[in-house]
Number of protein chains: 4
Amino acid sequence: MIVPVREFRPGAKGIIFGSTHEQTRGRSGVARQKARTSKADATRRQLLDAALSVIAAHGYSEATVDRIVEEAGVSKGVAYYHFSSKADIAESILVEGIGELITSFETIAAEAPTATDALIAMVELFASVIFENDAFGRFFVAELWRPGRAWSEAMRGHEQRLLALLQAQLERGQREGTVRPEIDAAFEAVALVGMVLTTTLYYIGEGDDLAEARSRFVERIRDFVHHANAVAP
Amino acid sequence: MIVPVREFRPGAKGIIFGSTHEQTRGRSGVARQKARTSKADATRRQLLDAALSVIAAHGYSEATVDRIVEEAGVSKGVAYYHFSSKADIAESILVEGIGELITSFETIAAEAPTATDALIAMVELFASVIFENDAFGRFFVAELWRPGRAWSEAMRGHEQRLLALLQAQLERGQREGTVRPEIDAAFEAVALVGMVLTTTLYYIGEGDDLAEARSRFVERIRDFVHHANAVAP
Amino acid sequence: MIVPVREFRPGAKGIIFGSTHEQTRGRSGVARQKARTSKADATRRQLLDAALSVIAAHGYSEATVDRIVEEAGVSKGVAYYHFSSKADIAESILVEGIGELITSFETIAAEAPTATDALIAMVELFASVIFENDAFGRFFVAELWRPGRAWSEAMRGHEQRLLALLQAQLERGQREGTVRPEIDAAFEAVALVGMVLTTTLYYIGEGDDLAEARSRFVERIRDFVHHANAVAP
Amino acid sequence: MIVPVREFRPGAKGIIFGSTHEQTRGRSGVARQKARTSKADATRRQLLDAALSVIAAHGYSEATVDRIVEEAGVSKGVAYYHFSSKADIAESILVEGIGELITSFETIAAEAPTATDALIAMVELFASVIFENDAFGRFFVAELWRPGRAWSEAMRGHEQRLLALLQAQLERGQREGTVRPEIDAAFEAVALVGMVLTTTLYYIGEGDDLAEARSRFVERIRDFVHHANAVAP
DNA sequence: GATGAATGAGGGTTCATTCAT
DNA sequence: AATGAATGAACCCTCATTCAT
């Protein structure tokens, strides 16, 4: 019995769920203000959105600040008013995005009746999110294993928490007797993330009819994960 | 009964199997000559090796030609004598590396008695290769899904062939009744590549005792793949 | 009766008449702005002036951007902020310079009472301009017949208009009965430009006392042109 | 009465008259040999021909040694065996070409019955030569007034001799009473060269039917020169 | 808060020239 | 005589970042 994924969705906000404003406080020059004006906030959000689309299209290194501010329709100066560097912009995107994922995973973990339900819901949510925001997905894969990337501790921590949440459910499943005991939960968590990410992007890249493809895709991921992990009936 | 993977290995040479020289002829300015001197060939190989290590450490964009030639111990000019651009160097690495993988996969496909044997051998070989040459693996993951990458048709073709070889064995397995019929072979092939790549790099990154870790790792990949695909007994 | 050339001179400004700023708007990255700040405009002009002097001294190919910005006393970056390339800088000079010549020629054409007056005034003005700004003259000759030059359509168009203005007066002269009817006006226009350019530069190169030399020189050009074209009395 | 130009033509040889080998001795490494082998000579000639065509097409600065040796079908090493530098190659072309012109002019000067005959013959020959070898003509114009050009004394000397030969005939014409006494012979010589060069190239550039255009063209040059210089009847 | 002109280090690439073979 | 691999100085251009206004 699968927990309906939709219910786990937090109120729409943030990068990956298409929010329009507010949320994580950066460490930028504006952070000291108790309440940012909505104008400033809108500018910040515009910059993040523009940055995400530019980075998704060309990769982090090839994305230039010029291009980002042009896409955002603001001047170059503001970018450096709201963020301390180009890396700061990019990391904000990643941290916010993964943060949302973590929040959702935590909700799922807390509410799902069984480990199996939780795992399937997590994988499905993950895949859906990437499917609907491939810009973020593309950036995520590229950075996750990019050699020499220099994101902060915060970023590393976020990655670890995301993996830990999956790993925890796998271990819970082993205790519940629904996940094969010989499985290495840490290994499996990485495998899941890698697989979801790569297959999703592959599918999107195919240029199929997305609406139709998505449900088939989620079905496949679910099936794959199920068989890979489930104790034989 | 598993076909011993080792026997499929072609004579050690080339990028990913640690060759020392010779092999694929590039399309560089020098390519028209019938037989490059071994000296020139050595220089070319030095450049490729140096480039691979630099790119693996810092990523393609951050890798500078200056750094590559310094590592190779040659002048900047030769790099452009042997290759037409920085991208050409990088692509040569990728194409040669994937080319070797393809060759090995083809051998496996031709010799393995069953689809299951072939699949396991392929995945095992793939994982082993990445495990032993993480520089190549790192470059491969980074480029495979990098947004806006501009490798040539040749590169695209190589990727497709690699996936096709896996897909073919999955389909063969379905015909042989050992791979679940509801599986989408194309989807599965992508999932396998993504999973092997990401988990391998994760493992290497952990900094464990590699020698020991490797056999456990290969075991896990094999187990995962088996359960995900095999028809329940 | 010769129309006094001086009266045709438009208000002194621009490249060839020694202006200090403003005027033609380039098609550079900054061009979309409604009104550049005078500071930015000054920088742009400094770059053009510096470029002209460097190019005049060493030729386009030998002129380096480094040298130009050094001469202009600005950083390398601004050069590319105001212009899209080295070629763009050079072409701006040419286009602005020829543009001024065209404007003057048009004024002369409109005001001169006879074709003969117009022709003499044009040639005299042309020679004077080159005489006083040999940097521009040198660049002009070099580029006008340089093989493989790749200036834009705008540049080609300007050349054509300049020649057309001369040609029109020659034809007018033929109608007025003061220019020999057997003359090919198009051919003659080219001959005039080539001759003025080459002889002027030759004279300047001689290093004579310029002030004195100039009037003798203009006299000779005028005499030469007169005899070459005039209907015998 | 015009001296038939054709008779002044020296036996076909050299750059501009389409010779096949031999002639001016360079200061290259081969110069000490009393008699170059015909093989070496052929190579040298191939290089000069290739260089001329490349330079004519792209200009001196844009012409690369690589391109020249490729066009000549020889290796890069030989180029530096036969010539000391790229500039040496280019200058050899210029010096040989102008040298032939000088020789022809001297013949004309010695044989023409009157200054008028000589002048017309010279201009006609000059125009014909450029007309038939526009590669040389293009190179000549480009270099003659190129700022910062650094050809040797030999080159300067050749230019001076060419001008001097024209100037001498103009002065002879003044003594003979056929050239207007008020003309400055030195000035006029420069004007003639500049005009012939520029109009010829203009004509060639037009892409007209060359065969037909040429005679009309020569006629115009002759007419122009005649009227510009001749004492009114 | 916001602008856009300015900076300058450094990147990829070209090319005349040299030299071992 | 000839080859072609190798050198390295320079060149054009990019771009993250700063700062006066």
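Per chain, numbering begins at 1; letters A, B, ... match sequence-line order.
Separating the CD atom in C:Q46 from the CD1 atom in C:I68 is a distance of 13.5 Å, to the nearest 0.5 Å. For the atom pair CD of D:E143 and CD1 of D:I55, the computed distance is 7.5 Å after rounding to the nearest 0.5 Å.
E:dT7 atom P lies 10 Å from atom CD of C:Q46, rounded to whole Å. To the nearest angstrom, P of F:dT3 lies 16 Å from CD1 of D:I68. Atom OH in A:Y81 sits roughly 17 Å away from atom C1' in F:dA20 (whole-Å rounding). Taking atom CD1 of residue D:I89 and atom P of nucleotide E:dC15, one finds them 15 Å apart after rounding to whole Å. Across the protein-nucleic acid pair, C:R67 atom CZ and F:dC12 atom P stand 13 Å apart, rounded to whole Å. Between the C1' atom of F:dC12 and the CD atom of C:E70 lies a distance of 16 Å, rounded to the nearest Å. If you take CZ of A:F83 and C1' of F:dA16, they are 16 Å apart, rounded to a whole angstrom. For D:D41 and F:dA2, the CG to C1' distance is 16 Å, given to the nearest whole Å.
Annotation: E:dG1 and F:dT21 have their C1' atoms spaced 13 Å apart (nearest Å).
Distances shorter than 4.0 Å separate none of the side-chain N or O atoms of A:T43 from OP1 or OP2 on E:dG1. Between B:H82 and the phosphate of F:dA6, there is a side-chain N or O to OP1/OP2 separation shorter than 4.0 Å.
Every residue two or more places apart in sequence or in another chain that forms a salt bridge (charged side-chain N to carboxylate O under 4.0 Å, His left out) with C:K76 is listed here: C:D66. Partners of D:E62 by side chain to side chain donor-acceptor pair (under 3.5 Å), not counting sequence neighbours, listed by chain and number: C:S61. Residues passing the side chain to side chain donor-acceptor pair (under 3.5 Å) test with A:E71 are A:S53, sequence neighbours excluded. Partners of A:A87 under the side-chain contact (heavy atoms from CB on, under 4.5 Å) rule, at least two apart in sequence or in another chain, are A:Y60, A:S85, A:W151.
Side-chain atoms of C:V78 and C:V69, non-hydrogen and from C-beta on, never get closer than 4.5 Å to each other.
Ion pair A:E96/A:R45 flagged as a salt bridge, since at least one NZ, NE, NH1 or NH2 atom sits closer than 4.0 Å to an Asp/Glu carboxylate oxygen.
Under the 3.5 Å distance criterion, the side-chain polar atoms of B:T43 are matched with a main-chain donor or acceptor of B:K39.
Nearest nucleotide to the C:S75 side chain, out of F:dA6, E:dA6, F:dA2: E:dA6.
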Read 5' to 3' with Watson-Crick or G-U pairs under 3.5 Å, [ ] for crossing pairs and | for partners on another strand, DNA chain F gives .||||||||||||||||||||
Find every protein N or O atom lying less than 3.5 Å from an N or O atom of nucleotides 16-18 of chain E, and list the pairs.
| from | atom 1 | to | atom 2 | distance (Å) |
| --- | --- | --- | --- | --- |
| E:dA16 | OP1 | D:A63 | O | 3.3 |
| E:dA16 | OP1 | D:K86 | NZ | 3.2 |
| E:dA16 | OP2 | D:V65 | N | 2.7 |
| E:dT17 | OP2 | D:Y80 | OH | 2.9 |
| E:dT17 | OP2 | D:K86 | N | 2.9 |
| E:dT17 | O4 | D:K76 | NZ | 2.8 |

